[in-house]
K.L.:
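There's a structure below that I have some questions on.
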Amino acid sequence: MRASQFLIATLKESPSDAVVTSHQLMLRAGMIRKLASGLYTWLPFGLRTLRKVEKIVREEMDAAGALELLMPAVQPGELWEESGRWFEYGGELMRIKDRHNRDFCIGPTHEEVITDLARNELNSYRQLPVNFYQVQTKFRDETRPRFGVMRAREFLMKDAYSFHANEESLNDTYERMHQAYTNIFTRLGLDFRPVNADTGSIGGAVSHEFHVLASSGEDDIAFSNQSSYAANVELAEAVAPSTERPTASQELSEVSTPDQHSIEDVSQFLNLSAQQVLKTLIVEGELSEKEQEQGKKPALVALVLRGDHELNELKAEKLAGIANPLTFAQEEDIVAALGCKPGSIGPCQMSIEIIVDRSAAVVADFACGANKDGVHLTGANWGRDANIGRIEDVRNVVEGDASPDGEGTLEIKRGIEVGHIFQLGDKYSKALNATVLDENGKQKTMLMGCYGIGVSRVVAAAIEQNFDDRGILWPQALAPFQVTIVLIDAHKSEEVVERGEALYQSLLALGYDVLLDDRDKKTSPGVKFADSELMGTPHRVVISSRGLKSGLVEYKARQDQKNDAIEVPCDDIFELVKSKLAH
RNA sequence: CGGAACAUAGCGCAGCCUGGUAGCGCAUCUGCUUUGGGAGCAGAGGGUCGGGGGUUCGAAUCCCUCUGUUCCGACCA
């Protein structure tokens, strides 16, 4: 591509609404422009990278035996009513009506449509397994779109759906997809982790998220420093401490702690570390349907954690006897049941059920609320002063915790979710009655898996992981242009033009993406250099009349932090660039 | 959804407090000069100051309202 024929839409300053690096750089390098909140136009330069991600995704999906198709972005509401999600899905589902006043939505995902297709087209177990995929625009009406294309409302996604006659087949395809995803992100040149994940609202059992590690990520990922164990912090198990609880060495005593409510206040006031202070959270207990109908009030349950630990609501609400979704008790109910306000609650002399976190259960001589306003206890001990009740895992893991697989300790980093694979089971096939005939001629509900990659988000994630103060540092596989040839003094020197043209043509002939910066003399060399760095082209050749006088041209790799370029004889430059591009 | 802020040329901003001819930088266009790190000089174009309403002789500026955008939060004993 010749720069003079291309849209180079670089900006010196970034629009004020861009806060994360990838968003700023995508705007500044001329990759995208915002149309409205969460809606972006991909300019020619940005589209090149988007297409490269798509290409690698397609190649690996095809290689893994998946079949590409393309479904409509607009979907009939009836299908969503059939699956039940018309009512379950919240405001993220963009609902529209056509001119006949019929309900439609703009697809945030395509389980319903593909399952409808499968029930019509698949009749026999002998047609299974199959795995269909598409690369397509999705729409989710996010409450708070942000970070550019990283959390946009309209985005490009590769989604795949597999159909199976049995669990074994589903597992098999799931593993193949796991491997295909690993291949994809490896080829893209990204630092990523597959992590065990919560299945969320989509339902089903087994699930992995693929996260690109970057400080701007929205999820906390816990991973072992010694093994391949990685999990979303929401799901990572906090293993029981291997140490025994020390024996009590202090006497229980009451301390007046006026206006000291938070763990921070109390530990400072008592001059104790937060680890020695236990916090007690009061949540609502579970009610049976019958009790709910009778309008009974739920019993309260006390959750006891170490002061420096955070409650994991997901873990808590899964416990028997606790309301799901987790509901914190109202202040008046707490006062009625315990006789004091939140902020002074503790497990000693507790009248309601107590669930103690594994780590909190091995603390001795702890401080806690005294169940009297403005009073705390110190030197408290389980058994002697408080009933330990049940012990459960109800906290988030923290750095340094033992890895649940027994190997190494946990580190926590932010991750950007770029891929997600699920074993859906029969959730949708059952709802939509998608069956095939089995070996015995009997109707059998198919099992399903689904596998997504946020194609547009991958582009942003790649930038979050690869940039410096001058701009983007594209991994080879994603670079919109692999080589930039900068011409200097082209208007004065025929030889500059000829040499540049020759190199340009021979690299093009090999199929490389080359940008020939032939912009006229109004574009100064400094602008060309700055643009090539902002745009992140991995390799740059500079051809100038000054260099050609000694028969030399200049080569520089974008990754080289040092500013010094290599001067090479101009007859050697083609071979040099070719060898650099080869790997 | 809760809280906070912002909206002035394509982009970044000033002007508003204290009402009186709408400005700066970048970008754009023309001419001349210039060519190894975001060029120089001279000139030019570009705005219903987000929309509506009000106060006033007069509103970008003060008041009300709507819309849009952004940020923070949705973990707490």
Side-chain angles (χ1 to χ4, degrees), chain A residues 8-20 23-24 27-28 30 33-39 90-91 142-148 220 233-234 257 259-267 277-283 300 302-305 307-314 316 326-331 334-335 338 340-347 368-371 373-374 376 394-396 470-471 486-493 496 517 519-534 540 542-549 552-554 556 563-565 567:
Chain A
I8 294 184
T10 52
L11 302 171
K12 273 193 206 173
E13 292 168 301
S14 62
S16 54
D17 52 9
V19 287
V20 295
H23 188 195
Q24 292 172 344
L27 289 165
R28 290 224 292 133
R33 287 293 182 263
K34 185 170 83 169
L35 176 65
S37 178
L39 303 176
E142 297 279 349
T143 29
R144 197 177 155 202
R146 58 193 140 163
F147 307 153
D220 285 313
V233 162
E234 287 178 341
T257 50
D259 299 321
Q260 309 294 317
H261 300 303
S262 70
I263 289 294
E264 204 183 326
D265 291 344
V266 172
S267 59
V277 183
L278 297 190
K279 60 178 166 189
T280 306
L281 317 179
I282 308 298
V283 300
L300 299 184
L303 302 176
V304 181
L305 287 93
D308 59 330
H309 286 153
E310 284 178 351
L311 175 68
N312 181 313
E313 298 194 14
L314 221 57
L326 193 73
T327 314
F328 285 96
Q330 298 297 315
E331 183 164 327
I334 294 176
V335 173
L338 304 175
C340 74
K341 286 186 190 162
S344 304
I345 308 173
C368 60
N371 299 323
D373 287 332
H376 277 73
V394 291
R395 70 172 173 94
N396 282 334
R470 294 184 171 185
V486 175
L487 303 185
I488 294 175
D489 289 330
H491 62 293
K492 284 204 301 216
S493 162
V496 166
D517 198 341
R519 284 178 290 177
D520 68 18
K521 62 176 183 175
K522 290 232 141 202
T523 307
S524 71
V527 170
K528 293 181 179 179
F529 295 148
D531 277 350
S532 83
E533 283 152 2
L534 175 59
R540 182 172 78 198
V542 179
I543 301 179
S544 68
S545 58
R546 192 184 77 182
L548 287 180
K549 275 180 198 154
L552 297 172
V553 297
E554 198 178 286
K556 186 176 180 304
N563 218 357
D564 43 38
E567 297 219 293

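Keep in mind the model is a prediction, meaning the values are calculated, not measured.
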K.L.:
Tell me which nucleotide, if any, is Watson-Crick or G-U wobble paired with B:G46 when both distances must be under 3.5 Å.
P.N.:
none
K.L.:
So what's B:A77 paired with, Watson-Crick or G-U wobble, going by both distances under 3.5 Å?
P.N.:
none
K.L.:
Could you tell me the separation between the CG atom of A:Leu548 and the C1' atom of B:G36, rounded to a whole number of Å?
P.N.:
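It is 13 Å, rounded to the nearest whole Å.
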K.L.:
Between the base of B:U35 and the side chain of A:Lys492, is there a donor-acceptor distance below 3.5 Å?
P.N.:
no
K.L.:
Over how many whole Å does the gap from A:His23 atom NE2 to B:C11 atom P extend?
P.N.:
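About 13 Å, once rounded to whole Å.
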K.L.:
Nearest to the side chain of A:Ser524, which nucleotide is it out of B:U34, B:G38, B:A39?
P.N.:
B:A39
K.L.:
Dump the pairs, protein N or O against N or O of nucleotides 70-72 of chain B, anything under 3.5 Å, distances to one decimal.
P.N.:
{"from": "B:U70", "atom 1": "OP2", "to": "A:Ser37", "atom 2": "OG", "distance (Å)": "3.4"}
{"from": "B:C72", "atom 1": "OP2", "to": "A:Arg144", "atom 2": "NH2", "distance (Å)": "2.3"}

K.L.:
Students often get this wrong, so: under 4.0 angstrom with heavy atoms, is A:Glu313 touching a base, only sugar-phosphate, or nothing?
P.N.:
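If one applies the 4.0 Å heavy-atom cut-off, A:Glu313 turns out to touch the sugar-phosphate alone, with no base involved.
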K.L.:
Protein-nucleotides 25-31 of chain B N/O pairs closer than 3.5 Å?
P.N.:
{"from": "B:G25", "atom 1": "N2", "to": "A:Glu13", "atom 2": "OE1", "distance (Å)": "3.1"}

K.L.:
How far, in whole Å, is B:U18 from B:C29 if one measures between their P atoms?
P.N.:
44 Å
K.L.:
Excluding sequence neighbours, so at least two apart, what forms salt bridge (Lys or Arg N to Asp or Glu O under 4.0 Å) with A:Asp373?
P.N.:
none
K.L.:
With a cut-off of 3.5 Å and sequence neighbours excluded, list every side-chain donor-acceptor pair involving residues 10-17 of chain A.
P.N.:
{"from": "A:Thr10", "atom 1": "OG1", "to": "A:Asp531", "atom 2": "OD1", "distance (Å)": "2.9"}
{"from": "A:Asp17", "atom 1": "OD2", "to": "A:Lys34", "atom 2": "NZ", "distance (Å)": "3.0"}

K.L.:
Closest-nucleotide mapping onto RNA chain B: is A:Gly547 or A:Asn312 further toward the 5' terminus? I mean the 5' end.
P.N.:
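Going by which nucleotide is closer to the 5' end, it is A:Gly547.
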K.L.:
Return the minimal non-hydrogen interatomic distance between A:Ser545 and A:Val496, and the atom names on each side.
P.N.:
N-CG2, 3.4 Å
K.L.:
Select base, sugar-phosphate, or nothing to describe what A:Leu11 touches, counting heavy atoms under 4.0 Å on all strands.
P.N.:
nothing
K.L.:
Return the CD1 to CG distance between A:Ile543 and A:Asp489, rounded to the nearest 0.5 Å.
P.N.:
12.0 Å
K.L.:
For A:Leu311 and B:A77, give me the distance from atom CG to atom C1', rounded to whole Å.
P.N.:
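Distance check: A:Leu311 CG to B:A77 C1' gives 12 Å.
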K.L.:
With sequence neighbours excluded, tell me which residues meet salt bridge (Lys or Arg N to Asp or Glu O under 4.0 Å) with A:Glu142.
P.N.:
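Residues passing salt bridge (Lys or Arg N to Asp or Glu O under 4.0 Å) with A:Glu142: A:Arg151.
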K.L.:
Return the set of residues passing side-chain contact (heavy atoms from CB on, under 4.5 Å) with A:Ile263 (not counting sequence neighbours), or none when no residue passes.
P.N.:
A:Ala274, A:Val277, A:Lys279
K.L.:
Does the structure show a Watson-Crick or G-U wobble partner for B:C62, both distances under 3.5 Å? Name it, or say none.
P.N.:
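B:G54 - that is the nucleotide pairing with B:C62, both distances being under 3.5 Å.
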K.L.:
Considering every strand and a 4.0 Å limit on heavy-atom distances, what is the contact class for A:Ile282: base, sugar-phosphate, or nothing?
P.N.:
base
K.L.:
Taking the P atom of each, how far is B:U55 from B:U61, in whole Å?
P.N.:
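Going atom to atom, P in each nucleotide, I get 15 Å.
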K.L.:
Nearest to the A:Leu281 side chain among B:G37, B:G38, B:A77, which nucleotide is it?
P.N.:
B:A77
K.L.:
Looking only at atom C1', what distance separates B:U30 and B:U21, rounded to whole Å?
P.N.:
28 Å
K.L.:
Where the side chain of A:Arg546 is concerned, which of B:U35, B:G38, B:G36 is the nearest nucleotide?
P.N.:
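Shortest atom-to-atom distance from the side chain points to B:G36.
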K.L.:
Starting at CD1 of A:Ile334 and ending at C1' of B:A77, how long is that distance when rounded to a whole Å?
P.N.:
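In whole Å, B:A77 C1' and A:Ile334 CD1 are 7 Å from each other.
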K.L.:
Out of B:U35, B:G38, B:G36, which has the shortest distance to the side chain of A:Ala530?
P.N.:
B:G38
K.L.:
Using a 4.5 Å cut-off on heavy atoms from C-beta on, say whether the side chain of A:Lys528 contacts that of A:Thr523.
P.N.:
yes
K.L.:
Mind checking if A:Ser344 touches a base, just sugar-phosphate, or nothing, with heavy atoms under 4.0 Å?
P.N.:
sugar-phosphate
K.L.:
Given B:G36, B:G38, B:G12, which nucleotide is nearest the side-chain atoms of A:Ile488?
P.N.:
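Closest of the options to the side chain of A:Ile488: B:G36.
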K.L.:
Using both distances under 3.5 Å as the test, list the Watson-Crick or G-U wobble partner of B:C32, or none.
P.N.:
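Answer to the pairing question: B:G40, which forms a Watson-Crick or G-U pair with B:C32.
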K.L.:
Only counting residues at least two apart or in another chain, list the ones meeting side-chain contact (heavy atoms from CB on, under 4.5 Å) with A:Asn312.
P.N.:
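Expected list: A:Leu314, A:Lys315, A:Asn396.
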K.L.:
When you match A:Thr143 and A:Pro525 each to their closest nucleotide on RNA chain B, which lands nearer the 5' end?
P.N.:
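The residue mapped nearer the 5' terminus is A:Thr143.
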K.L.:
Roughly how many Å is it from CG in A:Leu326 to C1' in B:A77, rounded to a whole number?
P.N.:
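Roughly 14 Å, once rounded to whole Å.
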K.L.:
Students often get this wrong, so: under 4.0 angstrom with heavy atoms, is A:Ser14 touching a base, only sugar-phosphate, or nothing?
P.N.:
sugar-phosphate
K.L.:
Output yes when a side-chain donor or acceptor of A:Gln24 lies under 3.5 Å from a complementary backbone atom of A:Ala18, and no otherwise.
P.N.:
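At least one qualifying donor-acceptor pair exists.
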K.L.:
Can you tell me, in whole Å, how much space there is between the C1' of B:C16 and that of B:G20?
P.N.:
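The same atom, C1', in both gives a distance of 14 Å.
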K.L.:
Could you work out the separation of B:G50 and B:U8 based on their P atoms and round it to a whole Å?
P.N.:
6 Å
K.L.:
Do you know which two heavy atoms are closest between A:Arg33 and A:Leu27, and how far apart they sit?
P.N.:
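That would be NH1-O, 2.9 Å.
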K.L.:
Take atom C1' in B:U65 and the same atom in B:A77, then report the distance between them in whole Å.
P.N.:
41 Å
K.L.:
For A:Ser532, enumerate each residue passing the side-chain contact (heavy atoms from CB on, under 4.5 Å) test, keeping only those at least two apart in sequence or located in another chain.
P.N.:
A:Thr484, A:Arg540
K.L.:
Does B:G2 pair with anything, Watson-Crick or G-U wobble, both distances under 3.5 Å, and if so, with which nucleotide?
P.N.:
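With both distances under 3.5 Å, B:G2 matches B:C72.
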K.L.:
Does the base of B:G36 carry an N or O that pairs as donor and acceptor with the side chain of A:Asp489 under 3.5 Å?
P.N.:
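Looking at the base of B:G36, it does not pair with any donor or acceptor on the side chain of A:Asp489 (distance under 3.5 Å).
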K.L.:
Can you measure A:Arg28 atom CZ to B:G12 atom P for me and round it to whole angstrom units?
P.N.:
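Roughly 13 Å, once rounded to whole Å.
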K.L.:
Rounding to the closest angstrom, what is the interatomic distance between B:G54 and B:C1 at atom C1'?
P.N.:
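Those two atoms are separated by 32 Å.
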K.L.:
Expressed as a whole number of Å, how far does the C1' atom of B:G53 sit from that of B:U67?
P.N.:
14 Å
K.L.:
Would you mind reading off the distance between A:Lys556 atom NZ and B:G36 atom P, rounded to a whole angstrom?
P.N.:
19 Å
K.L.:
Using atom CG of A:Asp520 as one end and atom P of B:U34 as the other, report the distance to the nearest whole Å.
P.N.:
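Those two atoms, CG and P, are 15 Å apart.
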K.L.:
State, to 0.1 Å, how close A:Thr280 and A:Gly346 come at their nearest heavy-atom pair, and which atoms those are.
P.N.:
OG1-CA, 3.6 Å
K.L.:
Does any nucleotide pair with B:A7 by Watson-Crick or G-U wobble geometry, both distances under 3.5 Å, and what is it?
P.N.:
B:U67
K.L.:
Check ring pair (Phe, Tyr, Trp, His ring centres under 6.0 Å) between A:His376 and all other residues, then give those that pass, not counting sequence neighbours.
P.N.:
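A:His376 satisfies ring pair (Phe, Tyr, Trp, His ring centres under 6.0 Å) with no other residue.
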K.L.:
Looking only at N and O atoms, is any donor in the side chain of A:Arg540 or the base of B:G36 less than 3.5 Å from an acceptor on the other one?
P.N.:
no
